[in-house]
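The next block holds one structure in the form of structure tokens; read it before the comments.
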Amino acid sequence: VQLQASGGGLVQAGGSLRLSCKASGFISSMVTMGWYRQAPGKQRHSVALITAAGNTNFADSVKGRFTISRDNAKNMVYLQMSSLKPEDTAEYYCYGNWGKGYWGQGTQVTVSS
């Protein structure tokens, strides 16, 4: 399983970014996927998850600002981030659960104040 994330960058507070992740390998698309993030000196934690059926779960800190979506035919998952805050600065990791958790390489999101 390979997870390739893209879309990170530097943005001012209040701005938006869209992260994309492509899953590849001999895998089923019908699994829970999502995004985790890890800020310097902190543990990695879940930001947003989406089941194969489209049910979503968000960390309290991003509710109302982030949305998650997926394209099962393309094995893609997306994270639309709006109203970004400096505390959203972190390395963002794509995640998928194929019997166990898999994470891709991170993509850095930096929000300047």
Exercise for the section: Specify the closest pair of heavy atoms between Pro86 and Ser113, including all atoms of both residues, with the distance to one decimal. Expected result: CG-CB, 3.8 Å
Exercise for the section: Give a yes or no answer on whether the side chain of Thr89 reaches the backbone of Val111 with a donor-acceptor pair at less than 3.5 Å. Expected result: yes
Handout entry: Met33 vs Leu3 side-chain heavy atoms within contact, under 4.5 Å
Key = yes
Handout entry: Derivation and outcome, side chain to side chain contact (heavy atoms under 4.5 Å, CB included), residues Arg37 and Val109
Key = CA-CA 9 Å; Arg37 71 185 181 188; Val109 172; over 6 Å; no
Problem - Rounded distance (nearest 0.5 Å) linking atom OG of Ser16 with atom CZ of Phe66 - result: 9.5 Å
Problem - Spatial distance of atom SG (Cys94) from atom NZ (Lys22) [nearest 0.5 Å] - result: 11.5 Å
Practice task
Treat each ILVMFWY residue as a node, draw an edge where side-chain heavy atoms are under 4.5 Å apart, and state whether Tyr95 and Leu17 are in one component.
Solution key: no
Name every donor-acceptor pair, under 3.5 Å, that has one atom in a side chain of residues 41-58 and the other anywhere in the protein, sequence neighbours excluded.
residue, atom, partner, partner atom, Å
Thr51, OG1, Ala53, N, 3.3
Thr51, OG1, Gly54, N, 3.3
Thr51, OG1, Asn55, N, 3.0

Fill in the blank from the handout: Closest heavy-atom pair, Gln108 versus Thr110, reported as atoms and distance to 0.1 Å, is NE2-OG1, 3.3 Å
Exercise for the section: Measure the acute angle between the ring planes of Trp103 and Tyr36, then classify it against the limits of 30° and 60° as parallel, tilted or perpendicular. Expected result: perpendicular
Please output the side-chain donor-acceptor pairs of residues 75-84 that fall under 3.5 Å, not counting sequence neighbours, one pair per line with the distance.
none

Problem - Distance (rounded to the nearest 0.5 Å) between Gln105 CD and Cys21 SG - result: 8.0 Å
Problem - Cluster link Tyr93 to Leu19, ILVMFWY, side chain under 4.5 Å - result: no
Handout entry: Side-chain ion pair, Asp60 and Lys63, N-O less than 4.0 Å
Key = yes
Practice task
Quick one: pull up CD in Gln38 and CD in Glu91 and give me the separation to the nearest 0.5 Å.
Solution key: 8.5 Å
Problem - N/O donor-acceptor pair under 3.5 Å between Gln2 side chain and Gly104 backbone - result: no
